[in-house]
Amino acid sequence: VLAVGDAEFQKRAIGKMKEVSNDQGRTVLFVSHNMNSVNTLCDRCIYLKDGEIKSIGETSKIVNQYLTNENSGKFHIEFKENKPGDNVAKLNSARLINIARQTVDHTNIKEKIGIEFEYEILIEGYYPIPNIRLHSVKGEWVFTSAKEQTKENCKKGTYKISFWIPEDLLNVETYIVSLGLSTMAPLKIHFVEKDVLILNTIENINDRSEGHNQKISGIIRPNLDWEIKKK
């Protein structure tokens, strides 16, 4: 039902499901891989895997469990052996974090999300610049960001750095995170770890004010400042 028809038809379909459930006291069984729709429409949730019930409970908890299992540890990784890097620097770990610096496996697009990684500088004389690259699952390049370092942060030792992606920037998507560390002059790539983390974003469609209840097109979806003036 939600995959066909125009926006107005889809809005009526969602409204009808809510009417049958809330006003008539009947149960609506909604089956989907779209966590955004499940999170918006359902009070309770059943997680099925390989034809068997994995768990039943409150929707937010089951959605979290589903995303955690499907990501298979792609939100937090530690390199114990064969650490990515060269004779200058090695990558130790990477994880997704919320504003409380807790490890998370997904985020709501209305919340700031952090990407934290730890690396060790083994020898001095280089000025490594940490960088992050974000791609869509289709391979589309979303953005690249880098942070120039001071000489003080290029001495031997272990460093932890966090990049923060602001709220109301990403769309409801699955994003692939790649991390790198490079000295620019002379150019020396210390490590580039591709597809090291997976970032899933969700949204509660009921929080929207413009009435549109389906996914908005685009790799990102910034909340821009608008001005409307009557002439």
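Keep in mind that what you see is a predicted model, and the values were worked out from it rather than measured. As a basis for the values below, the full set of heavy atoms in this structure was taken, side chains included, without hydrogen atoms, waters or symmetry mates.
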Worksheet item: Could you go step by step and tell me if Ile109 and Ile202 meet the side chain to side chain contact (heavy atoms under 4.5 Å, CB included) rule?
Response: CA-CA 6 Å; Ile109 63 170; Ile202 63 172; over 6 Å; no
Practice prompt. Output, in order, the C-alpha distance, side-chain angles, deciding distance and verdict of side chain to side chain contact (heavy atoms under 4.5 Å, CB included) for Glu116 and Arg95.
Written response: CA-CA 5 Å; Glu116 176 190 276; Arg95 65 178 182 140; 2.7 Å; yes
Item to complete: Decide side chain to side chain contact (heavy atoms under 4.5 Å, CB included) for Phe191 and Lys90; before the verdict, give the C-alpha distance in whole Å, the side-chain angles of both, and the deciding distance to 0.1 Å.
Response: CA-CA 7 Å; Phe191 62 78; Lys90 300 282 189 182; over 6 Å; no
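The aromatic rings of His190 and Tyr126 lie perpendicular to each other, with more than 60° between the two planes, well past the 30° mark.
No donor-acceptor pair closer than 3.5 Å links the side chain of Thr183 to the backbone N or O of Leu187. For Thr59 (side chain) and Asp43 (main-chain N/O), a donor-acceptor pair under 3.5 Å exists by modelled atom type. Checking side-chain atoms of Ser93 against main-chain N and O of Ile77 turns up no donor-acceptor pair under 3.5 Å. In this structure, the side chain of Asn108 does not engage the main chain of Glu111 through any donor-acceptor pair within 3.5 Å. Within the 3.5 Å criterion, the main-chain N or O of Gly157 finds no donor-acceptor partner in the side chain of Glu120. Remark: side-chain polar atoms of Lys74 are paired, donor with acceptor, to backbone N or O of Asp195 under 3.5 angstrom. Side-chain atoms of Ser145 never come within 3.5 Å of backbone atoms of Ile132 as a donor-acceptor pair (strictly under, hydrogens ignored). Looking only at distances, a side-chain donor or acceptor of Tyr175 sits under 3.5 Å from a matching main-chain atom of Ile219.
The pair Lys80-Glu78 counts as a salt bridge, with a side-chain nitrogen and a carboxylate oxygen less than 4.0 angstrom apart. Taking a cutoff of 4.0 Å between a charged side-chain nitrogen and a carboxylate oxygen, Lys188 and Asp86 qualify as a salt bridge.
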Show me the donor-acceptor pairs, under 3.5 Å and distance only, between side chains in residues 223-231 and residues at least two apart or in other chains.
none

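For the salt bridge (charged side-chain N to carboxylate O under 4.0 Å, His left out) test, residues two or more places apart in sequence or in another chain that qualify with Glu152 are Lys155.
Other cluster members for Ile189: Val192, joined by side-chain heavy-atom distances under 4.5 Å among Ile, Leu, Val, Met, Phe, Trp and Tyr.
To the nearest 0.5 Å, atom CD1 of residue Ile113 and atom CG of residue Leu199 are 5.5 Å apart. In this structure, NE2 on His135 lies 6.5 Å from OG on Ser178, to the nearest 0.5 angstrom.
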